[in-house]
There are 2 protein chains.
Amino acid sequence: MVVYELSEEQTNKVFRALADATRRDIVRRTLHAEVSISELAASYDMSFAAVQKHVAALEAAGLVNKIARGRERIVRGQPDTIRHAQELLSSLEDIWRQRISRLDDFLADETP
Amino acid sequence: MVVYELSEEQTNKVFRALADATRRDIVRRTLHAEVSISELAASYDMSFAAVQKHVAALEAAGLVNKIARGRERIVRGQPDTIRHAQELLSSLEDIWRQRISRLDDFLADETP
DNA sequence: GTATCGTACAACCAAATGGTTGTATATGAG
DNA sequence: CTCATATACAACCATTTGGTTGTACGATAC
């Protein structure tokens with residue numbers, strides 16, 4: 001049930017974007033409800049421009065998108081991209097599980 | 001069913017470590033089978049020291065560990081840490097699902 | 001023993017990252 | 001219209017990252 005393939009470069013961006021507590025918090029908040037950039041900026045101890053850059057990194061990764069509403073930009077989380085990241089991690093776990101089951105087979109063969 | 005809590009800093013390291021194609025490949029290979037650092041280094045178009053640094057980043061993130069075997073260091077993937085990352089992503093997805101179900105409730109209320 | 005292999009680690013470098021301030025521009029309020 | 005708000009974006013800076021080469025050292029092969 002593979003949905004879409006992310007390029008290596010896109011995958012890098014997704015994980016890179018998630019490797020920062022502020023950005024993870026922005027993702028949480030924008031998945032929970034629609035928030036403007038200035039509302040986000042009010043929450044963090046950094047400049048508006050810094051928050052803007054974090055949102056831009058998340059947008060480039062496809063983890064959020066922005067829509068114009070009046071003079072505000074509403075940031076919305078993109079659950080699909082999170083699912084892509086989950087699928088990649090699941091595929092890693094599958095590799096492990098296959099190894100375990102290979103080991104089980106081996107043991108079943110060797111110890112009759 | 002929370003297993004362990006990763007500190008923010010550890011979480012950063014995990015996602016940062018996964019934000020690189022070479023490192024993701026190392027994780028895949030070390031989950032599949034035990035591999036020495038020099039075996040890994042032979043696969044990538046970069047110096048031994050560069051691969052060593054990638055392994056060190058993965059080790060600091062808890063995504064692999066190293067054991068000594070003779071003069072070799074065997075690198076082994078750590079599926080538990082991958083599971084931690086998955087749980088974090090799942091918690092983000094849950095936020096989204098809760099929002100959808102709140103929206104459903106609202107619609108059920110408003111449209112009798 | 002000596003030579004070689006596998007690893008560790010330091011020093012160095014260019015590029016990317018994560019923050020800042022400052023300026024410009026469009027929208028909404030009064 | 002004027003003023004304040006929300007955003008965009010450039011320029012700048014310190015730190016981190018991702019690579020390099022070189023040196024050192026323990027373990028194995030011969």
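Chain identifiers are assigned alphabetically (A, B, ...) following the order of the sequence lines, protein sequences preceding nucleic acid strands; residue numbering begins at 1 within each chain. Model, not experiment: these values are computed from the prediction.
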Which residues satisfy the salt bridge (charged side-chain N to carboxylate O under 4.0 Å, His left out) test with [X], sequence neighbours excluded?
X: Asp94(A); answer: Arg97(A)
X: Asp25(B); answer: Arg28(B)
X: Arg71(A); answer: none

Let me confirm one number: the [atom1]-[atom2] distance from [X] to [Y], rounded to the nearest 0.5 Å.
X: Glu34(A); Y: Glu72(A); atom1: CD; atom2: CD; answer: 11.0 Å
X: Arg99(B); Y: Thr30(A); atom1: CZ; atom2: OG1; answer: 8.5 Å
X: Ile74(B); Y: Ile37(B); atom1: CD1; atom2: CD1; answer: 9.0 Å

May I ask you to evaluate whether Arg73(B) reaches the phosphate of dA8(C), defined as a side-chain N or O under 4.0 Å from OP1 or OP2?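 Checking Arg73(B) against dA8(C): at least one side-chain N or O falls below 4.0 Å of OP1 or OP2.
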By a strict heavy-atom criterion of less than 4.0 Å, which residues belonging to residues 26-43 of chain B are in contact with DNA chain D?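 Within residues 26-43 of chain B, no residue comes under 4.0 Å of DNA chain D.
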Mind listing the N/O atom pairs, protein and nucleotides 17-19 of chain D, below 3.5 Å?
unit_1	atom_1	unit_2	atom_2	d
dT17(D)	O3'	Arg16(B)	NH2	3.2
dG18(D)	OP1	Arg23(B)	NH2	3.4
dG18(D)	OP2	Arg23(B)	NH1	3.2
dG19(D)	OP2	His54(B)	NE2	2.2
dG19(D)	N7	Lys53(B)	NZ	3.0
dG19(D)	O6	Lys53(B)	NZ	2.1

For [X], check side chain to side chain donor-acceptor pair (under 3.5 Å) against everything at least two apart and list the hits.
X: Arg29(A); answer: Ser43(A)
X: Glu39(A); answer: Ser36(A)
X: Ser47(B); answer: none

Using a 4.5 Å cut-off on heavy atoms from C-beta on, say whether the side chain of Leu31(A) contacts that of Ile82(A).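 Yes - at least one pair of side-chain heavy atoms lies under 4.5 Å apart.
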Rounded to whole Å, please give me the gap between CD1 in Ile67(B) and P in dT7(C). 12 Å
Protein-nucleotides 25-30 of chain C N/O pairs under 3.5 Å:
unit_1	atom_1	unit_2	atom_2	d
dT27(C)	O2	Arg71(A)	NH1	3.1
dG28(C)	O4'	Arg71(A)	NH1	3.4

Extract all donor-acceptor atom pairs below 3.5 Å that involve side chains of residues 54-68 of chain B and protein atoms in other chains or at least two apart in sequence.
unit_1	atom_1	unit_2	atom_2	d
His54(B)	ND1	Arg23(B)	NH1	3.1
Asn65(B)	OD1	Arg76(B)	NE	3.3
Asn65(B)	ND2	Gln78(B)	OE1	3.0

I'd like to know if Gln52(B) reaches the base of dA8(C) with its side chain, counting only an N/O donor and acceptor under 3.5 Å.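 Between dA8(C) and Gln52(B), which were checked side chain against base, a qualifying N/O pair under 3.5 Å is present.
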Can you give each donor-acceptor pair under 3.5 Å made by side-chain atoms of residues 9-18 of chain B, sequence neighbours left out, with the distance rounded to 0.1 Å?
unit_1	atom_1	unit_2	atom_2	d
Thr11(B)	OG1	Ser7(B)	O	2.9
Asn12(B)	OD1	Arg24(A)	NH1	2.8
Asn12(B)	OD1	Arg24(A)	NH2	2.9

Describe, as an angle rounded to 10 degrees, how the axis at the first end of the helix from dG1(C)-dC30(D) to dG30(C)-dC1(D) is tilted relative to the axis at the last end, five pairs per end.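 Taking the rotation axis at each end, their angle is 30°.
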Least distance between heavy atoms, Gln86(A) atom then Ser90(B) atom: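 For Gln86(A) versus Ser90(B), the nearest heavy atoms are NE2-OG, 2.9 Å.
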